[in-house]
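Every heavy atom of this structure was used, including side-chain atoms; hydrogens, water molecules and symmetry mates were not.
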Amino acid sequence: IFTEGTEEIAVSPGSTEQQTVLARSLDADEDGTPEEVRYFDPRAGGLLRIDRDRDYDGKIDETSYYSGGSLVARELDEDSDGNLDLWERYDDGVMLSQEVDRNADGHRDAFYTYSAGSLVEERHDTNDDGVIDRRIEYEARRMVRAEEDRNSDSEIDQWTYYEGESGEEWVVRVERDGNNDGEPETFEYYEQKDGDSVIARREEDVNGDGVADVKSIYENGKLVRREISDPALVPL
């Protein structure tokens with residue numbers, strides 16, 4: 001089934017160093033272009049790399065790297081445009097990270113970190129300026145916190161906190177920094193209503209003294225009362 005020969009290839013992800021290896025090619029549909037090529041250490045016989053053409057278009061769109069018989073990395077062309085757009089790293093076959101080029105511009109803009117096979121962090125460049133502007137944290141396979149740079153000044157200015165179970169998280173608090181001093185001065189608290197997160201209270205430090213001086217109370221998401229502790233702020 002496999003055609004055997006030797007080739008010069010890189011056996012480590014990102015490396016340009018070439019190594020002579022044993023290549024075993026599979027051309028199942030006999031069109032002259034292999035759908036899979038497996039590369040082995042010619043001396044020890046261990047698997048080093050596998051190239052696959054998953055959509056049978058004649059182009060390799062998945063490369064997997066191995067060490068000691070275990071998967072250590074994968075590089076993929078998910079949209080079949082001839083360019084890599086997904087990079088994965090593994091430890092003893094267990095995923096450590098993923099990096100993605102979501103808009104096919106040649107730059108990685110989404111980064112995922114795993115621990116013991118579970119997602120623990122996401123980082124995103126949502127506006128393609130090369131700077132991470134959204135970060136999401138996970139604990140016990142559920143989202144617990146998100147940080148965002150909403151005005152694209154490279155500084156985090158919104159923090160969102162979640163509770164719930166994996167796949168069913170809901171917002172419980174949002175903190176915002178509106179004056180770009182690195183500290184939130186607006187705090188919103190949410191409650192669950194018919195499966196949605198609805199604002200229940202907003203606290204604002206309008207005069208910048210570190211103490212909330214305006215409190216807004218909501219019922220069913222609608223403002224019903226406002227309490228102002230600093231007379232200088234009346235009327236707002």
Side-chain angles (χ1 to χ4, degrees), residues 8-19 21 35-39 47-68 70-162 166-167 169 171 177 180 182:
E8 294 279 336
I9 66 163
V11 296
S12 300
S15 173
T16 59
E17 183 179 351
Q18 301 286 298
Q19 181 175 327
V21 298
E35 295 81 44
E36 180 174 303
V37 184
R38 301 179 183 180
Y39 302 97
L47 179 63
L48 300 173
R49 183 175 127 180
I50 298 178
D51 290 350
R52 292 188 177 95
D53 173 13
R54 297 174 300 165
D55 56 7
Y56 296 90
D57 67 349
K59 299 177 182 178
I60 296 299
D61 49 35
E62 176 186 330
T63 298
S64 300
Y65 297 89
Y66 294 81
S67 178
S70 295
L71 179 66
V72 295
R74 286 205 312 161
E75 299 176 343
L76 302 97
D77 173 15
E78 291 283 75
D79 58 8
S80 300
D81 68 349
N83 298 307
L84 295 175
D85 48 38
L86 175 60
W87 297 260
E88 299 176 342
R89 295 294 179 267
Y90 296 81
D91 180 20
D92 198 23
V94 179
M95 184 175 289
L96 295 176
S97 66
Q98 283 184 318
E99 299 182 359
V100 186
D101 174 10
R102 294 173 297 188
N103 59 3
D105 67 348
H107 300 285
R108 307 178 194 192
D109 47 36
F111 306 83
Y112 304 86
T113 302
Y114 296 80
S115 178
S118 295
L119 181 63
V120 295
E121 182 188 62
E122 297 181 31
R123 293 179 296 125
H124 300 271
D125 173 14
T126 62
N127 57 6
D128 301 311
D129 65 352
V131 179
I132 297 299
D133 49 38
R134 179 171 171 80
R135 178 175 174 268
I136 304 172
E137 299 176 10
Y138 294 81
E139 293 179 4
R141 299 192 177 186
R142 73 174 183 87
M143 183 164 53
V144 295
R145 175 171 134 140
E147 300 178 347
E148 298 177 76
D149 171 17
R150 297 172 302 158
N151 59 7
S152 301
D153 68 348
S154 301
E155 298 292 339
I156 297 298
D157 51 33
Q158 178 169 294
W159 299 262
T160 304
Y161 297 84
Y162 300 83
S166 178
E169 303 91 347
V171 176
D177 172 19
N180 299 315

Modelled atom types, side-chain donor and acceptor of [X] and [Y], under 3.5 Å:
{"X": "Ser118", "Y": "Arg141", "result": "yes"}
{"X": "Ser152", "Y": "Asp133", "result": "no"}
{"X": "Asp55", "Y": "Ser80", "result": "yes"}
{"X": "Asn180", "Y": "Asn151", "result": "yes"}

Could you tell me the separation between the [atom1] atom of [X] and the [atom2] atom of [Y], rounded to the nearest 0.5 Å?
{"X": "Ser115", "Y": "Leu96", "atom1": "OG", "atom2": "CG", "answer": "9.0 Å"}
{"X": "Asn83", "Y": "Glu78", "atom1": "CG", "atom2": "CD", "answer": "13.5 Å"}
{"X": "Leu84", "Y": "Ile60", "atom1": "CG", "atom2": "CD1", "answer": "11.5 Å"}
{"X": "Arg135", "Y": "Asp149", "atom1": "CZ", "atom2": "CG", "answer": "14.0 Å"}
{"X": "Arg54", "Y": "Glu35", "atom1": "CZ", "atom2": "CD", "answer": "14.0 Å"}
{"X": "Arg38", "Y": "Ile50", "atom1": "CZ", "atom2": "CD1", "answer": "5.5 Å"}

| Can you find a heavy atom in the side chain of Val72 that is under 4.5 Å from one in the side chain of Tyr65? |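 In short, these two side chains touch, coming nearer than 4.5 Å.
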| request: State, with a plain yes or no, whether a side-chain heavy atom of Thr160 is found less than 4.5 Å away from one of Gln158. | output: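 Yes. Closest side-chain heavy atoms under 4.5 Å.
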| Test side chain to side chain contact (heavy atoms under 4.5 Å, CB included) applied to Tyr162 and Val144, step by step | CA-CA 5 Å; Tyr162 300 83; Val144 295; 5.6 Å; no
Can you sort out the partners of [X] under side-chain contact (heavy atoms from CB on, under 4.5 Å), two or more places apart, ordered by chain and number?
{"X": "Arg108", "result": "Trp87, Glu99, Phe111"}
{"X": "Asp79", "result": "Asp77, Asp81, Asp85, Ala104"}
{"X": "Thr113", "result": "Val120, Glu121"}

| message | Regarding Arg49 and Asp51, does a basic nitrogen lie under 4.0 Å from an acidic carboxylate oxygen? | response |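 Salt bridge present between Arg49 and Asp51.
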| field | Presence of salt bridge, Arg142 and Glu169, under 4.0 angstrom | value |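 Arg142 and Glu169: not salt-bridged.
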Not counting sequence neighbours, which residues clear side-chain hydrogen bond (donor to acceptor under 3.5 Å, both in side chains) with [X]? List them please.
{"X": "Arg123", "answer": "none"}
{"X": "Asp109", "answer": "Arg102"}
{"X": "Asp57", "answer": "none"}
{"X": "Asp157", "answer": "Arg150"}

| field | Smallest separation among heavy atoms of Gly58 and Asp53, with atom names | value |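 Looking at all heavy atoms of both residues, the shortest contact is N-OD2, 2.8 Å.
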| Closest heavy-atom pair and its distance - Tyr39, Val21 |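 Looking at all heavy atoms of both residues, the shortest contact is CD2-CG2, 3.6 Å.
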Distance-only check: which donor-acceptor pairs under 3.5 Å involve side-chain atoms of residues 9-19, not counting sequence neighbours?
unit_1, atom_1, unit_2, atom_2, d
Ser15, OG, Glu17, N, 3.1
Gln18, OE1, Ile9, N, 3.4

Could you pull out all donor-acceptor pairs under 3.5 Å where a side-chain atom in residues 88-95 meets a protein atom, sequence neighbours excluded?
unit_1, atom_1, unit_2, atom_2, d
Glu88, OE1, Arg74, NE, 2.8
Glu88, OE1, Arg74, NH2, 3.1
Glu88, OE1, Tyr90, OH, 2.5
Glu88, OE2, Arg74, NH2, 3.4
Glu88, OE2, Gln98, NE2, 2.9
Asp92, OD1, Ser70, OG, 2.9

| said: Run the ring-ring contact (aromatic ring centres under 6.0 Å, His included) test against Tyr161 and tell me which residues pass, sequence neighbours left out. | reply: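 Testing Tyr161 for ring-ring contact (aromatic ring centres under 6.0 Å, His included), a comparison that skips the adjacent residues, returns none.
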| task | May I have the step-by-step check of side chain to side chain contact (heavy atoms under 4.5 Å, CB included) for Leu48 and Tyr66, ending in yes or no? | result | CA-CA 5 Å; Leu48 300 173; Tyr66 294 81; 5.9 Å; no
| ring pair (Phe, Tyr, Trp, His ring centres under 6.0 Å) pairs, two or more places apart, involving residues 122-141 |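 Sorted result for residues 122-141: Tyr112-His124.
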| said: Can you list everything that forms a salt bridge (Lys or Arg N to Asp or Glu O under 4.0 Å) with Arg52? Sequence neighbours excluded, please. | reply: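 So Arg52 forms a salt bridge (Lys or Arg N to Asp or Glu O under 4.0 Å) with Glu36, Glu62.
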